[in-house]
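What follows is a single structure, written as structure tokens, with notes after it.
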Amino acid sequence: MSLRGVIFDLDGTLVDSQLDFAAIRAATGCPDGLGLIEYAEGLVEDEAARVHRIIHEHEMAGARAASWIPGADDWLAALRRQGLPTGILTRNARVPTALTLSRLGIDVDVVLTREDCRPKPDPDGLLRIARQWNLPCEALVYVGDFRYDIEAARRAGMQAWFYDTGRHSHFGDDADRVFRDFLELMGE
Ligand SMILES: [Mg+2]
């Protein structure tokens with residue numbers, strides 16, 4: 001089935017927000033192997049609030065620093081010219097996400113943050129977007145740079161495309177397509 005819509009991860013895929021996840025994990029005390037959101041969910045109220053505050057500060061700093069991943073802007077513009085629906089599904093919160101999008105002028109049809117759906121790798125957000133577009137999941141692509149992205153796409157029954165930055169190429173093993181440069185996708 002041909003491509004009928006594209007959904008993007010935000011950090012590390014569409015934009016480089018220079019988020020230092022290792023620093024956030026260290027500052028919050030988040031153990032290895034556990035996601036920050038999942039870590040916060042398991043904490044008592046005061047501790048969870050402290051962790052969310054730290055995450056928020058980092059996400060806002062990331063939003064202020066964010067720049068386009070080279071070529072991502074061109075491919076997104078090409079998809080929109082073709083009339084394909086486009087979306088963003090991110091584990092970030094709504095306020096820093098909105099700041100990133102407005103600063104960089106990123107225009108997509110739908111944006112879901114962690115306040116809008118269950119966070120990846122849960123496929124909830126992807127399934128919501130497919131329902132909203134009234135399109136079958138297998139005709140949609142989710143593009144991301146992390147294992148949560150591949151897993152969410154798999155569980156939603158969407159095509160999983162992996163943007164390989166060279167940092168953790170093995171995540172691409174489970175992807176339907178691996179690319180290293182958005183320019184590879186132009187003109188298809
Ligand atoms: Mg990412």
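Indexing begins at 1, ligand by ligand and atom by atom, following the structure's order.
- Partner of Phe146 under the side-chain contact (heavy atoms from CB on, under 4.5 Å) criterion, chosen from Glu151, Arg91, His168: His168.
- Side-chain atoms of Asp109 come within 3.5 Å of backbone N or O of Thr86 as a donor-acceptor pair.
- In this model, a donor atom of one side chain and an acceptor atom of the other lie less than 3.5 Å apart for Asp11 and Ser17.
- Leu84 and Val110 fall into different hydrophobic clusters, where Ile, Leu, Val, Met, Phe, Trp and Tyr residues are linked whenever their side-chain heavy atoms come under 4.5 Å apart, directly or through other members.
- Ring geometry for Phe179 against Trp161 counts as perpendicular: the plane angle is over 60°, on a 0 to 90° scale with 30° as the lower cut.
- Among Met60, Glu115, Glu59, the one residue that satisfies the side-chain contact (heavy atoms from CB on, under 4.5 Å) test with Val95 is Met60.
- Counting only distances under 2.8 Å, and ignoring water, the protein N, O or S atoms around the Mg ion (ligand 1) are Asp9 OD2, Asp11 O, Asp145 OD1.
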